[in-house]
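Right, one structure below, let's go through it.
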Amino acid sequence: GGFIALIDCATSSIKKTENDIQTLLRRHNFKYASVGFMFTILKDIECQLPENISGDEIEELALQCGTEEYTVDPETNIITFTIEAEDEKELINEVKESKLDVVSNSARYVPNEMTSISDSETKRRIGLFMKSLDGMSEVEDIHHNVENMDEIIAAS
C-alpha cells in the first residue's frame, strides 16, 4: 500500500482550500482522492471516576458500558473509553446511567492499514508535502497511514 492522508481543515472558503491542497498534491506528485473509507473513526470518551473505586468495579463498569477498551489515569482518576464512532450513543447512555460525568469526547481517524515508506524519493516528497500542509493555517489535523512518518519528517 501507498501513502494516504486524511486532512482536517477549518476554512471559510472550501473551494480555495481544496484548490490549495490539490496544488500541493500535484507539486509533490500525489493524487487527490476520497480516502475516508480507508480509516475507522474511533471515539475517546473520558469520564471522571468516583473516589475509591476498585479495579474490579472499573472492569465491571467498562463491561456495563459495552467495551473492554479503556485506560485509567490513576493521577486524575479519569477513565478513557475507546469505541468505534457508531457505538457512541449507546456508550454515552450507559455512562449517564452509571452516573459518570463526561469530561471530554473526541474523535480520531485510524487507518485500516499501515505502511512503511522505504523509497528515499517518496520519503522526500512526503516530508515536503507534510511540511507544506503544516504551513497552511486552515489545516487542523493530518491523519495518515505511514508508520515511519516521524523519521520522514525529521529527515526533510
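All of these numbers come straight from a predicted model, not from anything done at the bench.
Without hydrogens or angle criteria, Q48 side chain to T76 main chain gives a donor-acceptor distance under 3.5 Å. Judged by distance alone, the side chain of D119 and the main-chain N or O of T122 form a donor-acceptor pair under 3.5 Å. Although no hydrogens or angles enter the test, the distance criterion places a donor-acceptor pair under 3.5 Å between the side chain of T67 and the main chain of E69. For D8 (side chain) and E140 (main-chain N/O), no donor-acceptor pair under 3.5 Å exists by modelled atom type.
Residues T82 and R108 are in side-chain contact: their nearest non-hydrogen atoms beyond the backbone lie under 4.5 Å apart. Two residues are said to be in side-chain contact when any heavy atoms from C-beta on lie closer than 4.5 Å; L100 and P50 meet this criterion. Considering only heavy atoms from C-beta on, H144 stays 4.5 Å or farther from I4 through its side chain. A heavy-atom distance below 4.5 Å is found between the side chains of F3 and M149. Counting only heavy atoms from C-beta outward, the side chains of L63 and L61 never approach each other to under 4.5 Å.
Linking ILVMFWY side-chain heavy atoms closer than 4.5 Å, directly or via other members, places M114 and V110 in two distinct hydrophobic clusters. Using a 4.5 Å cut-off between side-chain heavy atoms of Ile, Leu, Val, Met, Phe, Trp and Tyr, with links allowed through other members, V146 and I153 fall into the same hydrophobic cluster. In terms of hydrophobic clustering, with Ile, Leu, Val, Met, Phe, Trp and Tyr side chains grouped at heavy-atom distances under 4.5 Å, L91 and V102 are assigned to a common cluster.
Partners of E90 according to the side-chain contact (heavy atoms from CB on, under 4.5 Å) rule, which considers only residues two or more places apart in sequence or in another chain, do not exist here. Taking the side-chain contact (heavy atoms from CB on, under 4.5 Å) definition, one finds that E88 meets it with K43, I45, I83, I92, N105, sequence neighbours left out. Listed by chain and number, the residues in a side-chain contact (heavy atoms from CB on, under 4.5 Å) with S118 amount to none (sequence neighbours excluded). Among residues two or more places apart in sequence or in another chain, the side-chain contact (heavy atoms from CB on, under 4.5 Å) test is passed with V72 by L49, I58, Y70, I79.
Among all heavy-atom pairs drawn from G127 and I152, the shortest one is N-CG2, 3.6 Å.
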Could you tabulate the donor-acceptor pairs under 3.5 Å formed by side-chain atoms of residues 22-41, not counting sequence neighbours?
from, atom 1, to, atom 2, distance (Å)
T23, OG1, N19, O, 2.9
Y32, OH, E18, OE2, 2.9
T40, OG1, N112, OD1, 2.6

Would you tabulate the side-chain donor-acceptor contacts of residues 128-139 under 3.5 Å, counting partners in other chains and residues two or more places apart, or write 'none'?
from, atom 1, to, atom 2, distance (Å)
K131, NZ, S156, O, 2.6
S132, OG, L128, O, 2.9

Should N148 and D150 be marked as a side chain to side chain contact (heavy atoms under 4.5 Å, CB included) after you check the CA-CA gap, both sets of side-chain angles, and the distance that decides it?
CA-CA 6 Å; N148 56 328; D150 291 342; over 6 Å; no
Taking it one step at a time, do T80 and D73 satisfy side chain to side chain contact (heavy atoms under 4.5 Å, CB included)?
CA-CA 8 Å; T80 303; D73 182 336; over 6 Å; no
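Atom-to-atom distance recorded for C47:SG and E94:CD is 12.0 Å, nearest 0.5 angstrom. Residue K15 holds its NZ atom at 12.5 Å from CG of D20, rounded to the nearest 0.5 Å.
Few gaps surround CD on E121; more than 12 heavy atoms of other groups in view lie less than 6.0 Å from it.
When each of D141, L6, N145 is checked for a side chain to side chain contact (heavy atoms under 4.5 Å, CB included) with Y109, only L6 meets the rule.
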